[in-house]
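All remarks here apply to the structure that follows.
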Number of protein chains: 2
Amino acid sequence: MEEEKKLINVRNNKEYHCPVEAALDVIGGKWKPLILWQLKETEVIRYNRLQQNLHGVSPRMLTKQLRELEEDGLVNRKMYPEIPPKVEYSLTEFGKTVSPIIEALCDWGAEYLERQCTLNKKE
Amino acid sequence: MEEEKKLINVRNNKEYHCPVEAALDVIGGKWKPLILWQLKETEVIRYNRLQQNLHGVSPRMLTKQLRELEEDGLVNRKMYPEIPPKVEYSLTEFGKTVSPIIEALCDWGAEYLERQCTLNKKE
DNA sequence: CGGAATCCCGGGAGATACTG
DNA sequence: CAGTATCTCCCGGGATTCCG
């Protein structure tokens with residue numbers, strides 16, 4: 001009786017065994033949490049500024065991640081038809097629902113670092 | 001005045017610009033959140049059971065992730081000197097502090113999937 | 001049973017250069 | 001300014017085999 005609830009993502013037809021997997025697909029990885037953190041902090045941000053604040057990201061990667069976030073409905077992309085071009089990114093309403101998680105991640109990371117520091121002094 | 005606070009992880013001497021990065025190093029990646037979710041759900045779990053529940057993970061990867069979690073103080077490894085061997089994994093007290101984040105991730109993932117489903121019906 | 005060791009491959013991701 | 005395009009390389013990680 002291997003009764004298992006199947007979870008399916010209708011966007012890409014991916015199958016999951018646990019909602020955590022789905023969440024990781026959407027907001028996981030090396031850059032997305034940092035992008036989301038930036039967007040949460042600044043409300044609205046331009047491409048170049050974003051790249052500067054995400055130390056070491058290549059334009060290729062940044063664009064890729066932003067497109068995915070956009071497709072998943074977390075991020076707005078607003079383009080101004082000017083020269084030179086100007087593009088602003090911001091969180092959608094749905095995108096804002098991840099902010100508590102990012103903040104929790106940030107808090108936990110800070111505690112972790114502090115703990116590491118404490119442990120190091122003791123030994 | 002590029003005044004930037006540097007965050008250093010004393011364990012591996014890595015440098016971060018934001019605590020989120022540190023958190024991702026410790027509990028990020030493809031498997032760790034799922035491992036932590038399993039440990040949170042079952043309290044104590046043996047290696048084999050863990051591998052079965054994490055669909056598709058290779059022993060190599062599972063062991064690697066578990067060792068890292070152990071080194072970071074999130075996971076206990078208890079070995080019974082028997083034949084056949086028996087090894088049990090569980091969360092440390094510090095490891096339990098990530099449970100809220102994992103749960104939040106799970107809840108958010110479920111909402112995301114539901115949202116995708118709703119959007120799909122509309123169009 | 002719970003791993004360790006070895007081999008090996010694909011593609012994720014960096015570097016660089018270019019463009020509307 | 002905000003991205004593409006192309007090339008390349010490295011290594012994450014799967015498969016397999018073996019061990020205490």
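- Using a 4.0 Å cut-off between charged nitrogen and carboxylate oxygen, A:Arg11 and A:Glu71 count as a salt-bridge pair.
- Residue order along DNA chain D, read from the 5' end via each residue's closest nucleotide, puts A:Tyr89 first among A:Tyr89 and B:Pro85.
- Separating the NZ atom of A:Lys86 from the P atom of D:dG3 is a distance of 13 Å, rounded to the nearest angstrom.
- Here the P atom of nucleotide D:dG3 and the CD atom of A:Glu70 are 9 Å apart, to the nearest Å.
- Counting heavy atoms from C-beta on, the side chains of A:Asn9 and B:Tyr112 come closer than 4.5 Å.
- Closest approach of A:Ile102 to B:Val20, counting heavy atoms only: O-CG2, 4.2 Å.
- Within 4.0 Å (heavy atoms only), B:Arg77 reaches sugar-phosphate atoms of the nucleic acid but no base atom.
- The separation between A:Leu66 atom CG and D:dA2 atom P is 11 Å, rounded to whole Å.
- The 12-atom threshold is exceeded at CD of A:Gln52, counting heavy atoms of other residues, nucleotides or ligands nearer than 6.0 Å.
- Within the 4.0 Å cut-off from OP1 or OP2 of C:dA4, not a single side-chain nitrogen or oxygen of B:Tyr47 is found.
- Put simply, CE on A:Met61 is 12 Å from P on D:dT4, counting in whole angstrom units.
- Straight-line distance from the NZ atom of B:Lys64 to the P atom of D:dG14: 11 Å, rounded to whole Å.
- Proximity note for A:Val87 (side chain, C-beta onward) versus D:dG3, C:dG2, D:dG14: the nearest is D:dG3.
- Atom CE of B:Met79 is separated from atom C1' of C:dG2 by 8 Å (rounded to the nearest Å).
- An OP1 or OP2 oxygen of C:dG2 is reached within less than 4.0 angstrom by no side-chain nitrogen or oxygen of B:Arg60.
- Under the 30°/60° scheme for interplanar angles, the aromatic rings of A:Tyr89 and A:Tyr47 are found to be tilted.
- Rounded to a whole Å, the CD atom of A:Gln65 is 7 Å from the P atom of C:dA13.
- Within the 4.0 Å cut-off from OP1 or OP2 of C:dG14, at least one side-chain nitrogen or oxygen of A:Lys30 is found.
- Listed candidates were C:dG3, C:dG14, D:dT4. Nearest to the side chain of B:Pro59 is C:dG3.
- When heavy atoms are screened at a 4.0 angstrom cut-off, A:Pro84 is found touching the sugar-phosphate backbone but no base atom.
- Remark: B:Arg67 is in phosphate contact with C:dG3, judged by side-chain N or O atoms under 4.0 Å from OP1 or OP2.
- For A:Leu62 and D:dG3, the CG to P distance is 8 Å, given to the nearest whole Å.
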